[in-house]
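The structure appears below as C-alpha cells.
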Number of protein chains: 2
Amino acid sequence: MERSHDSSPGGQLRTAGLKRTPGRLRVLGALQEARQPLSHADLERVLTTDAHQGLDRVTLYRVLDSLVAGGLALKAVDAHGVYRYSAADARQRHEGHLHFRCVDCGGVFCLDELPPPPPKLPNGFRLEAVGLDVSGVCAKCDLKGHPKSDEDSSDR
Amino acid sequence: MERSHDSSPGGQLRTAGLKRTPGRLRVLGALQEARQPLSHADLERVLTTDAHQGLDRVTLYRVLDSLVAGGLALKAVDAHGVYRYSAADARQRHEGHLHFRCVDCGGVFCLDELPPPPPKLPNGFRLEAVGLDVSGVCAKCDLKGHPKSDEDSSDR
DNA sequence: TCGACAATGCAACCGTGTTGCATTGGGTCT
DNA sequence: AGACCCAATGCAACACGGTTGCATTGTCGA
Ligand SMILES: [Mn+2]
Ligand SMILES: [Mn+2]
Ligand SMILES: [Zn+2]
Ligand SMILES: [Zn+2]
C-alpha cells in the first residue's frame with residue numbers, strides 16, 4: 001500500500017528527492033520527536049542507544065545538510081554559536097506565536113503573543129527574516145536562587 | 001589634570017575597576033572606532049599595524065572578557081556562530097531604533113523604526129532581553145546579481 | 001620604591017564543523 | 001533476482017574559534 005502524499009519520514013524523504021537511508025530516517029525521526037532544536041552533539045547522544053550505535057560524526061553532519069537542503073529541517077545558530085536543527089513541519093506548529101528562552105536552563109516556552117509586524121525598509125532592501133528573541137529567567141530557575149550578583153555568567 | 005568623570009578609554013577602565021593596560025586601551029579604542037561589531041579575528045587584524053604588533057591571541061580573548069565583565073563592551077553571536085564585540089557606549093547610541101543586517105555583505109543599517117514593546121510573560125518569568133533580528137539583502141547586494149536559485153547558500 | 005596580585009605570552013588542548021578519498025549500499029532498469 | 005551507477009557512508013586528517021595551565025611581566029597602591 002502506497003499513498004502518494006505520505007507524511008511519514010520515509011514519504012517525506014521521497015518527496016524531497018532524497019535517498020531513504022537508515023541514518024536519514026533515524027535523524028528525521030529524532031528531530032520530529034524533539035521538543036526543542038537539537039545540536040549535532042545532542043543528536044549523537046540521542047541516536048546512540050543499546051539497540052543502535054550512532055552514526056559517524058561526519059555522516060551526521062552530512063545527513064543534516066541533506067535534510068536542510070531538502071527543506072525537511074531548519075538550521076539556526078544558538079546563543080553559544082552552535083548550530084541547532086529542527087524538523088521543518090514541527091517548526092510550522094510554532095509559527096503563530098512568540099517564544100521565551102530561559103538563559104539559565106535553556107528551556108523554550110511558548111508565549112501567548114503574536115509575532116511583531118514586519119518593519120518598513122529603505123528602497124531596494126529585501127526582507128528575508130524577522131526573528132524576535134525573548135529571553136530571561138523562567139519561573140522555576142528564578143526560584144532556585146540567584147546569588148545576588150551572579151558570579152557564573154560564563155559563556156560557551 | 002584629572003576629571004573624576006573621564007569618558008576617555010582610560011577613564012572608563014578606571015571607572016570599571018579594570019587595570020589600565022596598553023592592550024585594553026587599544027582594544028577599547030578599536031571597538032569605539034568601529035562602525036560594526038568586530039570579531040576576535042577582525043580585532044587581530046586591526047590591531048596589527050606597522051607601529052604595533054598585535055596582542056597575543058589568548059590575551060586578546062582575555063582583554064575582551066574583561067571589557068565585557070566591566071560593562072564596557074558587549075558580546076553577541078553572529079549568523080556564522082562567531083562572537084562579535086562592540087563598545088557599550090557606542091551601542092547606546094543605537095538603542096532607540098531597529099537595525100537591518102544584510103545576510104550577504106554582513107553590513108548593518110539603521111532603520112527608522114522603534115523597537116517592539118516587551119511581550120507579556122507568564123507569572124514568575126523574568127524578562128532580561130528582547131532582541132529583534134531583522135535581516136535580508138541590502139539594496140547594493142540585491143543588485144549585484146542573485147542567480148535565480150542561489151546555488152551558494154552555504155553557511156560557516 | 002617595593003611588593004602583591006592582576007595581566008600577559010606561550011604551549012597545549014578542546015569542540016565544532018569541513019574536506020578527501022576509498023568503500024558500501026539504495027534505487028532503478030533489465 | 002541480478003547488475004549497474006552514483007549517492008551516501010566511514011575514516012583520517014584538517015581548519016578554526018575558543019579555553020586552560022603555568023611561568024613571567026607589569027600596574028598600582030602602600
Ligand atoms: Mn511554540
Ligand atoms: Mn543604529
Ligand atoms: Zn529556566
Ligand atoms: Zn549587503
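Each chain gets a letter, A, B and so on, in the order the sequences are listed, and its residues count up from 1.
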Legend entry - Residue closer to the 5' end of DNA chain C, A:D65 versus B:V63 (nearest nucleotide): B:V63
Legend entry - Atom pair distance, as rounded to whole Å: CG in B:L55 and P in D:dT25: 18 Å
Legend entry - Common cluster, A:V68/A:L55, ILVMFWY with side-chain heavy-atom separation under 4.5 Å: yes
Legend entry - Integer-rounded Å distance: C:dT8 P and B:R26 CZ: 12 Å
Inset, instruction - Round to a whole Å and report the spacing from CG of A:L60 to C1' of D:dC11. - result: 15 Å
Inset, instruction - May I ask you to evaluate whether B:R57 reaches the phosphate of C:dG9, defined as a side-chain N or O under 4.0 Å from OP1 or OP2? - result: no
Legend entry - N or O in side chain of B:T21 less than 4.0 angstrom from D:dT27 OP1/OP2: no
Legend entry - Closest to side chain of A:P22, choosing from C:dG17, C:dG26, D:dC28: C:dG26
Legend entry - Minimum-distance pair of heavy atoms, taken over all atoms of A:F100 and B:R126: CZ-O, 3.8 Å
Legend entry - Interatomic distance where CG belongs to B:D56 and P belongs to C:dA6 [whole Å]: 20 Å
Inset, instruction - Give A:R62 one of three labels, base, sugar-phosphate or nothing, depending on what nucleic acid heavy atoms sit under 4.0 Å from its own. - result: base
Inset, instruction - Using a cut-off of strictly less than 4.0 Å, decide whether A:T59 has a side-chain nitrogen or oxygen near OP1 or OP2 of D:dA8. - result: no
Inset, instruction - Would you kindly give the CG-to-P distance between A:L47 and D:dT9, to the nearest whole Å? - result: 12 Å
Legend entry - Phosphate contact (D:dT27 OP1 or OP2) by B:R20 side-chain N/O below 4.0 Å: no
Legend entry - Atom of A:D89, atom of A:Q12 and distance for their closest heavy-atom approach: OD2-NE2, 3.9 Å
Legend entry - Six-ring centre of A:Y83, A:K75 cation under 6.0 angstrom, axis tolerance 45°: yes
Legend entry - Pairwise 5' ranking along DNA chain D for A:S66 and A:V58, keeping only the more 5' one: A:S66
Inset, instruction - When you get a sec, tell me which of D:dT27, D:dG21, D:dC6 is the closest nucleotide to the side chain of A:K19? - result: D:dC6
Legend entry - Basic-acidic side-chain contact under 4.0 Å: B:D112, A:K120: no
Inset, instruction - Please report, rounded to the nearest Å, how far the P atom of C:dG25 is from the CG atom of A:L13. - result: 19 Å
Legend entry - Interatomic distance, B:R24 CZ vs C:dA6 P [rounded to whole Å]: 11 Å
Legend entry - For atom NZ of A:K75 and atom P of C:dG17, their distance in whole Å: 8 Å
